[in-house]
Amino acid sequence: MGAINSIEELEAYRRELAAAAKPDLPTVLVCFGTGCQANGSRLVAEAFTEAIKEQGLQVDVNIGIKTTGCHGYCENGPLVVLRPQDILYLKVKPEDVPEIVEESIKGGRVVERLVYRDKVTEELVPRYSEIPFYKHQLRIALRHIGTIDPTNIDDYILAGGYAGLAKALTMKPEDIISEVERSGLRGRGGAGFPTGTKWRSCARVDSDVRYVMCNGDEGDPGAFMDRSIMEGDPHAVIEGMIIGAYAVGSHQGYIYVRDEYPLAVRNLTLAIEAAREKGLLGENILGSGFSFDIKISRGGGAFVCGESSALMRSVEGNVGEPRAKYIRSVERGLYNRPTVLNNVETWANVPEIILKGAEWYASMGTEGSKGTKVFSLVGKVNNTGLVEVPMGISIRELVENIGGGILGGKKFKAVQTGGPSGGCIPERLADLPIDFDSLTKAGSMMGSGGIIVMDEDTCMVDVAKYFTGFLVEESCGKCTPCRDGLPRMLDLLTEITEGRGTEEHLAMLEELCDLLTWGALCGLGTSAANPVLSTIKYFREEYEAHIKDKKCPAGVCKALITYYIDPEACTGCRLCAKNCPQNCITGKRKEAHVIDTSKCIKCGVCKDVCTFDAVRIS
Amino acid sequence: MTEMTQDLNRFDRIIDRYERSEESLLAILQDFQREFHYVPEEGIRRLSEVMGVPASKLYAMGTFYKALSLTPRGRHTIKVCTGTACHLKGATQILETLERELKVKRNGTTEDGEFTLECVNCVGACAMAPVTIVDEVYHGQTRPSKIMDMVKKQVGG
């Protein structure tokens, strides 16, 4: 069908789709997120099509195959969900497909070896919704991820999509802003600015042109919820933006997407085209008289472009350098016009808030941080992936209940939140509820929601050095504290990790941190000290071990460690000697081997290949 | 037709896909990068002429944005993700192994023009860390001892 011309027509169309839908029809959902595609989900989907076609000749089972967005449980991909049984299969290979078709689709039985097994009780958990990783979640921003085909607008509409927009178009713009204000929604991109306040400030400015923008330049390393939403539910972002545009009186929107996310660019482009065809974007949306359209702008791989003023410069076709913000972008943003810029996850929440009301949303979360937040739980934790939970959950609950504890039974040491602008929070503070304010108080920040779990094998000085190095590369060079301060900090940290540090190094580091915090031009610089400051605050003894004892307790800093082979554990299998690029491991077959440390370049290959855990670090 | 005019046509074909607006500059440069594996000087001159913007501005963009390169890149691009999750799970060792085996430094191209080795700040596939991307194909849970075989297997070397 062509354009939908009114709210009534939209509802009629939805009913039509519902009548044609067969919820009991066996459906195979194959995840087509970046992670699962990397693990070969395309081949799995092809194998299903093939097997079903073959079997279809003998049995009359009509099966639909859908390719969905990212479920966020990428580590166990390719993921396959069978409906209506709600069975989740992990790590599915094309070879497994005939058995799934035979056993599960035709026979209604579960293929046990592909099912999640509880790591503690060893119990099999075939149902998607009962797996611990999903059971504790409450999905609002991720509501459709993995259940709809993101390239099919009908799927979105059938799942209730654009109903929020339909409701919004019957409301006064002013009332929409109040609704968002009362919901307590705060920006999911990092700083947590109240969304409704931002909208109101923009709407208040006298101007004939206004812009709404979506920040999809997800630059914090370790966070990928925005990628998942743009890939897996692009219409949620688009619908949110149309509602925002209607509320503030804008007719042109922009989505700025990282160039590193090709699939997100593709799915958003398709979604925008589909929305235009259906009359949900363009002139006279749903017959309301309101017109709005969206352009996509691809980023160029610069971290600083996630900063609002730099992002806007980049969209205009310039080098993406930030400006001093004496005047906020809600007053003078893109092309000097009033502009609302919100993050992907923020926009995806908007349709649900309008549809279900501010009270519903505000009933979740904490005093100052309402609703849910998507976290990307990654690093040294058993279950890695995207997790959406109400604000206020403790770090420990997140890591232990949902994350299933630390990888390999190691000791939980810290979590890093907020990317390069955030900090490290030690295990002893793990009962801290996660919300915007408590994280800031602890010396870190929410950021976009990356939770990077660190264990005893993580060196905190190395982590500080890693983030500082990252920021040195990404500093745009416009202001002096950031351009010149960060490289000096990196020098100091490098000297510490190489065993050349002194007590003065720490004092100088702290002084430079102070300078950056107060003197830098934009958010990248003013928060750049957080990784260093928070690690000095909570892990000073580790810095001191590097400085005084010239030791890296975690065994990471190359200059301070040596590799050796434990003669008790070594079986003399020769594997390490064969793989050593320096040929510096000697020993006879079936006898303990020895590393010649004078030639060893500490590349770690021997430790990687050893199947007996005989290669150690001291 | 000379090689030069062929290239000009290729530039124009890309430029013509976009609106004649400064907003399109970055996207056009990225498409140049994709097609030629770098942003050629002639491309910058052509774009400057067509759009009426100074070439110096396009050079500034070419040096500012990581996605753009002003020097030719190798036939294959290997991107090692050095995002936080990958860093914790050993991305440095992957990178160093590739540097050693391919005899090239990070962000450099091998002498035979076969490989360019790049670092990339998080590709958003953290759950599969450490990640290495060879010509747009993502490889998760990569290991130093297996990485070269994996690269060779994919590019058929």
Side-chain angles (χ1 to χ4, degrees), chain A residues 34-35 37-39 72-75 77 218-224 226-228 258-262 295 297-303 314-321 376 378-380 384-386 416 419-420 450 452 454 458 463 466-467 470 473-474 476 579 581 601 603-605 608-609, chain B residues 19 21-31 33-34 51 53 57-58 60-68 79 81-94 96-97 100-101 119-129 131 133 136-141 143-147:
Chain A
T34 299
Q37 284 204 30
N39 283 325
Y73 202 25
C74 317
E75 192 198 357
E218 185 170 54
D220 282 4
F224 59 106
D226 295 349
R227 171 180 72 70
S228 174
R258 284 183 88 197
D259 194 43
E260 289 87 337
Y261 290 174
K295 285 188 199 172
S297 189
R298 276 184 286 153
F303 176 71
S314 180
V315 170
E316 291 167 6
N318 295 298
V319 162
E321 284 179 353
S376 84
V378 296
K380 306 284 188 75
T384 57
L386 292 180
Q416 203 279 345
I452 295 143
M454 299 172 174
T458 310
V463 167
Y466 164 78
F467 281 114
F470 177 97
E473 292 254 317
E474 295 297 342
C476 78
N579 280 283
I601 55 168
C603 68
V605 168
D608 180 35
V609 293
Chain B
E19 253 180 78
S21 144
E22 293 204 11
E23 263 180 31
S24 313
L25 294 177
L26 181 55
I28 293 170
L29 290 172
Q30 280 170 336
D31 285 1
Q33 175 79 36
R34 236 156 244 165
M51 292 285 195
V53 295
K57 176 184 167 142
L58 300 174
M61 293 173 75
T63 53
F64 181 84
Y65 291 107
K66 250 195 183 162
L68 307 175
K79 292 181 184 164
C81 179
T82 49
T84 320
C86 288
H87 177 78
L88 291 186
K89 289 194 170 172
T92 312
Q93 288 175 350
I94 302 283
E96 286 173 356
T97 304
R100 198 171 57 238
E101 297 287 327
C119 299
V120 52
N121 288 332
C122 194
V123 293
C126 317
M128 306 158 50
V131 177
I133 304 164
E136 321 272 307
V137 179
Y138 289 66
H139 300 271
Q141 278 111 27
R143 293 167 55 181
S145 57
K146 300 262 159 60
I147 190 78

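All values reported here derive from a predicted model rather than from experimental measurement. Residue numbers start from 1 in every chain, and the chains themselves are labelled A, B, ... in the order their sequence lines are given, proteins ahead of strands.
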Asker: With a 4.5 angstrom heavy-atom cut-off, which part of B:Gln141 approaches chain A: side chain, backbone, both or neither?
Answerer: side chain
Asker: If we ignore hydrogens and angles and just use 3.5 Å, is the side chain of A:Tyr466 paired with the main-chain N or O of B:Thr84 as donor and acceptor?
Answerer: yes
Asker: If you look at every heavy atom in B:Cys122 and A:Gly222, which pair is closest and at what distance?
Answerer: SG-N, 3.3 Å
Asker: With a 4.5 angstrom heavy-atom cut-off, could you sort out which part of A:Phe303 is near chain B: side chain, backbone, both or neither?
Answerer: neither
Asker: Between A:Ser297 and chain B, with a heavy-atom cut-off of 4.5 Å, which part of the residue counts as in contact: side chain, backbone, both or neither?
Answerer: neither
Asker: Heavy-atom distances under 4.5 Å only: say whether A:Pro262 touches chain B with side chain, backbone, both or neither.
Answerer: side chain
Asker: Under a 4.5 Å heavy-atom cut-off, does chain A meet the side chain of B:Ala129, its backbone, both or neither?
Answerer: neither
Asker: In chain order, what residues pass the side-chain hydrogen bond (donor to acceptor under 3.5 Å, both in side chains) check against B:Ser24, with sequence neighbours excluded?
Answerer: none
Asker: Heavy-atom cut-off 4.5 Å, strictly under: side chain, backbone, both or neither for A:Glu218 against chain B?
Answerer: neither
Asker: Which one of B:Lys66, B:Lys79, B:His139 has the most heavy-atom pairs closer than 4.5 Å to chain A?
Answerer: B:Lys66
Asker: Heavy-atom pairs under 4.5 Å with chain B - which of A:Val605, A:Val609, A:Asp608 has more of them than the others?
Answerer: A:Asp608
Asker: So what's closer than 4.5 Å to chain B heavy atoms on A:Asn318: side chain, backbone, both or neither?
Answerer: both
Asker: Considering non-hydrogen atoms only, spot the tightest contact between B:Phe64 and A:Gly320 and give its length.
Answerer: CZ-O, 3.2 Å
Asker: Give the member of A:Gly219, A:Gly450, A:Gly379, A:Gly77 that has the highest number of heavy-atom pairs under 4.5 Å with chain B.
Answerer: A:Gly379
Asker: Look at the side chain of A:Glu260 and the backbone N and O of B:Ala67, then say whether any donor-acceptor pair between them is shorter than 3.5 Å.
Answerer: no
Asker: Decide, yes or no, whether a salt bridge links B:Glu23 with A:Lys295 under the criterion of side-chain N to carboxylate O below 4.0 Å.
Answerer: yes
Asker: Of the backbone (N, CA, C, O) and the side chain (C-beta and beyond), which part of B:Leu88 lies under 4.5 Å from a heavy atom of chain A, both, or neither?
Answerer: both
Asker: Which value, rounded to the nearest 0.5 Å, describes the distance between A:Thr384 atom OG1 and B:Lys89 atom NZ?
Answerer: 5.5 Å
Asker: Using non-hydrogen atoms only, which part of A:Glu316 is less than 4.5 Å away from chain B: side chain, backbone, both, or neither?
Answerer: backbone
Asker: Quick one: what part of B:Met128 sits under 4.5 Å from any heavy atom of chain A, side chain, backbone, both or neither?
Answerer: side chain
Asker: When you compare the side chain of A:Ser314 with that of B:Tyr65, does any pair of heavy atoms fall below 4.5 Å?
Answerer: yes
Asker: When heavy-atom pairs shorter than 4.5 Å are enumerated against chain B, which of A:Asp226, A:Val319, A:Val378 gives the highest number?
Answerer: A:Val319
Asker: Measure across A:Arg298 and B:Ala27 and return the closest heavy-atom pair with its distance rounded to 0.1 Å.
Answerer: NH2-O, 3.6 Å
Asker: With chain A, which of B:Arg143, B:Gln93, B:Met61 has the greatest number of heavy-atom pairs at distances under 4.5 Å?
Answerer: B:Arg143
Asker: Check whether A:Glu474 gets within reach of chain B through its side chain, its backbone, both or neither, counting any heavy atom under 4.5 Å.
Answerer: side chain
Asker: Check whether B:Val120 gets within reach of chain A through its side chain, its backbone, both or neither, counting any heavy atom under 4.5 Å.
Answerer: side chain
Asker: Among the options A:Gly604, A:Cys476, A:Cys603, pick out the one with the most heavy-atom pairs lying under 4.5 Å from chain B.
Answerer: A:Cys603
Asker: Mind checking side-chain contact (heavy atoms from CB on, under 4.5 Å) for B:Thr92 and listing every partner two or more places apart, or none if nothing turns up?
Answerer: B:His87, B:Glu96
